[in-house]
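Keep in mind the model is a prediction, meaning the values are calculated, not measured.
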Amino acid sequence: MENLSLEQMRYPIGVFKKPNEITDDLLKSWIEDIEALPTLLKKAVDSLSEEQLELPYRPEGWTLRQTVNHVADSHINAYCRFKLALTEDTPTIRPYEEQFWAELEDGKNGPIEWSLTLLEVLHKRWIVLLKSMTEEQFERTFVHPATQQANSLRTVTGMYSWHGRHHTAHITELRKRLGI
């Protein structure tokens with residue numbers, strides 16, 4: 001087993017970096033990542049026991065259960081942010097305290113099957129939306145109050161492509177390290 005730093009455990013695929021140019025091909029690959037996430041996440045947790053779901057993916061990190069439940073929470077918010085940006089002029093989105101959501105009963109102890117089912121259905125709707133969007137719609141923006149910066153939906157698509165792969169890698173990399 002290799003000796004990984006906390007940073008490597010925290011960001012197993014690296015941090016999201018906005019490319020200088022987001023080509024149509026790159027955008028298409030990001031949409032494909034979002035479409036594939038429910039299946040890949042389900043595969044990542046396949047056959048894990050209830051005890052294994054309580055393992056943190058890194059010291060002082062979320063458990064695998066919290067990680068799966070967090071992805072569902074996050075992607076619900078992402079979907080709503082897309083809808084807001086598509087129907088309002090540069091809305092300021094409502095942030096949420098993900099670390100506190102992960103500690104609520106449904107995040108900390110809720111069955112992962114609920115989140116996996118939610119993600120499967122949510123992503124079906126999100127993919128219909130993403131595949132129907134025009135160039136102009138991908139340029140629409142929302143503002144995150146923490147940064148006060150406008151984020152284009154084109155860029156945000158990449159962020160959520162990364163987000164799903166990032167958390168799936170938390171699970172798959174822990175499984176590799178522990179041989180489970």
Subject >> Partner residues of Thr39 under the side chain to side chain contact (heavy atoms under 4.5 Å, CB included) criterion, sequence neighbours left out >> reply: none

Original post:
Can His163 and His75 be said to form a side-chain contact (heavy atoms from CB on, under 4.5 Å), step by step?
Top reply: CA-CA 9 Å; His163 186 261; His75 289 208; 3.0 Å; yes

Subject >> Heavy-atom side-chain contact between Phe16 and Ser161 under 4.5 Å >> reply: no

Original post:
Checking His167 side chain against Val68 main chain: does a donor-acceptor pair fall under 3.5 Å?
Top reply: no

Subject >> Residues Leu129, Leu86; criterion side-chain contact (heavy atoms from CB on, under 4.5 Å); working and verdict >> reply: CA-CA 10 Å; Leu129 181 65; Leu86 289 168; 3.8 Å; yes

Subject >> Any side-chain heavy-atom pair of Arg175 and Ser47 under 4.5 Å >> reply: yes

Subject >> Test side chain to side chain contact (heavy atoms under 4.5 Å, CB included) applied to Asp24 - qualifying residues, sequence neighbours left out >> reply: Glu135, Arg154

**OP:** Could you list the residues that satisfy side-chain hydrogen bond (donor to acceptor under 3.5 Å, both in side chains) with His166, not counting sequence neighbours?
**Re:** none

Original post:
Taking a hydrophobic cluster as the set of Ile, Leu, Val, Met, Phe, Trp and Tyr residues connected by side-chain heavy atoms closer than 4.5 Å, whether directly or through intermediates, do Ile22 and Ile34 fall within one such cluster?
Top reply: yes

Original post:
What's the spacing between Asp106 CG and Gln66 CD if we round to 0.5 Å?
Top reply: 10.5 Å

Original post:
By ring-ring contact (aromatic ring centres under 6.0 Å, His included), which residues pair with Phe82, not counting sequence neighbours?
Top reply: Trp126

**OP:** Tell me, with the steps shown, if Thr141 and Thr155 meet side-chain contact (heavy atoms from CB on, under 4.5 Å).
**Re:** CA-CA 9 Å; Thr141 60; Thr155 299; over 6 Å; no

Subject >> salt bridge (charged side-chain N to carboxylate O under 4.0 Å, His left out) pairs, two or more places apart, involving residues 72-99 >> reply: Asp89-Arg140

Subject >> Verdict with reasoning, Leu130 to Ile31, per side-chain contact (heavy atoms from CB on, under 4.5 Å) >> reply: CA-CA 7 Å; Leu130 287 168; Ile31 293 169; 4.2 Å; yes

Subject >> Sequence-distant partners of Ser49, side chain to side chain contact (heavy atoms under 4.5 Å, CB included), two or more places apart >> reply: Glu51, Gln52

Original post:
Rounded to the nearest 0.5 Å, how far does OG1 of Thr90 lie from CG of Leu84?
Top reply: 12.0 Å

**OP:** Taking the side chain as every heavy atom from C-beta outward, state whether Leu116 and Leu41 have any atom pair closer than 4.5 Å.
**Re:** yes

Subject >> Test item: Leu6 and Pro59 side chains (from C-beta on) under 4.5 Å apart, heavy atoms >> reply: yes

Original post:
For Leu153, does its backbone N or O pair with a side-chain atom of Thr157 as donor and acceptor, under 3.5 Å?
Top reply: yes

Original post:
So, for Asn69 and Pro111, which heavy atoms are closest and what is the spacing to 0.1 Å?
Top reply: OD1-O, 4.0 Å

Subject >> Atom pair NZ (Lys43) and OG1 (Thr168), whose distance is rounded to the nearest 0.5 Å >> reply: 11.5 Å

Original post:
Is the side chain of Asn109 donor-acceptor paired with the backbone N or O of Gly107 at a distance under 3.5 Å, no angle test?
Top reply: no

Subject >> Met9 side chain reached by Arg177 side chain, heavy atoms, under 4.5 Å >> reply: yes

Original post:
Asn77 side chain to Pro95 main-chain N or O, any donor-acceptor pair under 3.5 Å?
Top reply: no

Original post:
Do the side chain of His170 and the main chain of Arg10 share a donor and acceptor less than 3.5 angstrom apart?
Top reply: yes

**OP:** Sorted by first residue and then second, give each salt bridge (charged side-chain N to carboxylate O under 4.0 Å, His left out) pair with at least one member in residues 116-125; sequence neighbours left out.
**Re:** Glu120-Lys124

Original post:
Going hydrophobic residue to hydrophobic residue with side-chain gaps under 4.5 angstrom, can you get from Trp162 over to Tyr160?
Top reply: yes

Original post:
Does Leu55 reach the side chain of Ile180, with side-chain heavy atoms less than 4.5 Å apart?
Top reply: yes

**OP:** Take the angle between the ring planes of Tyr96 and Trp101 and call it parallel below 30°, perpendicular above 60°, tilted in between.
**Re:** tilted

Subject >> Listed partners of Glu32 passing salt bridge (charged side-chain N to carboxylate O under 4.0 Å, His left out), at least two apart >> reply: Lys28

Subject >> Tyr57 side chain reached by Thr67 side chain, heavy atoms, under 4.5 Å >> reply: yes

Original post:
Any chain of hydrophobic side-chain contacts (each under 4.5 Å) joining Trp30 to Phe138?
Top reply: yes

Original post:
So, Gln8 side chain and Ser5 main chain: donor-acceptor pair closer than 3.5 Å or not?
Top reply: yes

Original post:
Which heavy atom of Glu173 sits nearest a heavy atom of Pro12, and at what distance?
Top reply: CG-CB, 4.0 Å

**OP:** Mind jotting down which residue pairs meet the salt bridge (charged side-chain N to carboxylate O under 4.0 Å, His left out) criterion with at least one end in residues 52-69? Sequence neighbours excluded, please.
**Re:** Glu50-Arg65, Glu54-Arg65

**OP:** Under the salt bridge (charged side-chain N to carboxylate O under 4.0 Å, His left out) rule, collect the residues that match up with Glu7, sequence neighbours excluded.
**Re:** none

Original post:
So if you build clusters from Ile, Leu, Val, Met, Phe, Trp, Tyr with side-chain heavy-atom gaps below 4.5 Å, do Ile171 and Leu118 land together?
Top reply: no

Original post:
Residues two or more places apart in sequence or in another chain: which of them pass side chain to side chain contact (heavy atoms under 4.5 Å, CB included) with Val15?
Top reply: Tyr11, Lys17

Original post:
Under 3.5 Å, side chain of Ser115 to main-chain N/O of Ile112, donor-acceptor pair present?
Top reply: no

Original post:
Hey, any chance Ile76 and Leu119 share a hydrophobic cluster, counting ILVMFWY side chains that come within less than 4.5 Å of each other, even indirectly?
Top reply: no

Original post:
Which residue pairs pass the salt bridge (charged side-chain N to carboxylate O under 4.0 Å, His left out) test with at least one member in residues 157-171, sequence neighbours excluded?
Top reply: Asp33-Arg165

Subject >> Leu174 vs Leu64 side-chain heavy atoms within contact, under 4.5 Å >> reply: yes

**OP:** Please find out if less than 6.0 Å separates the ring center of His70 from that of Trp62.
**Re:** yes

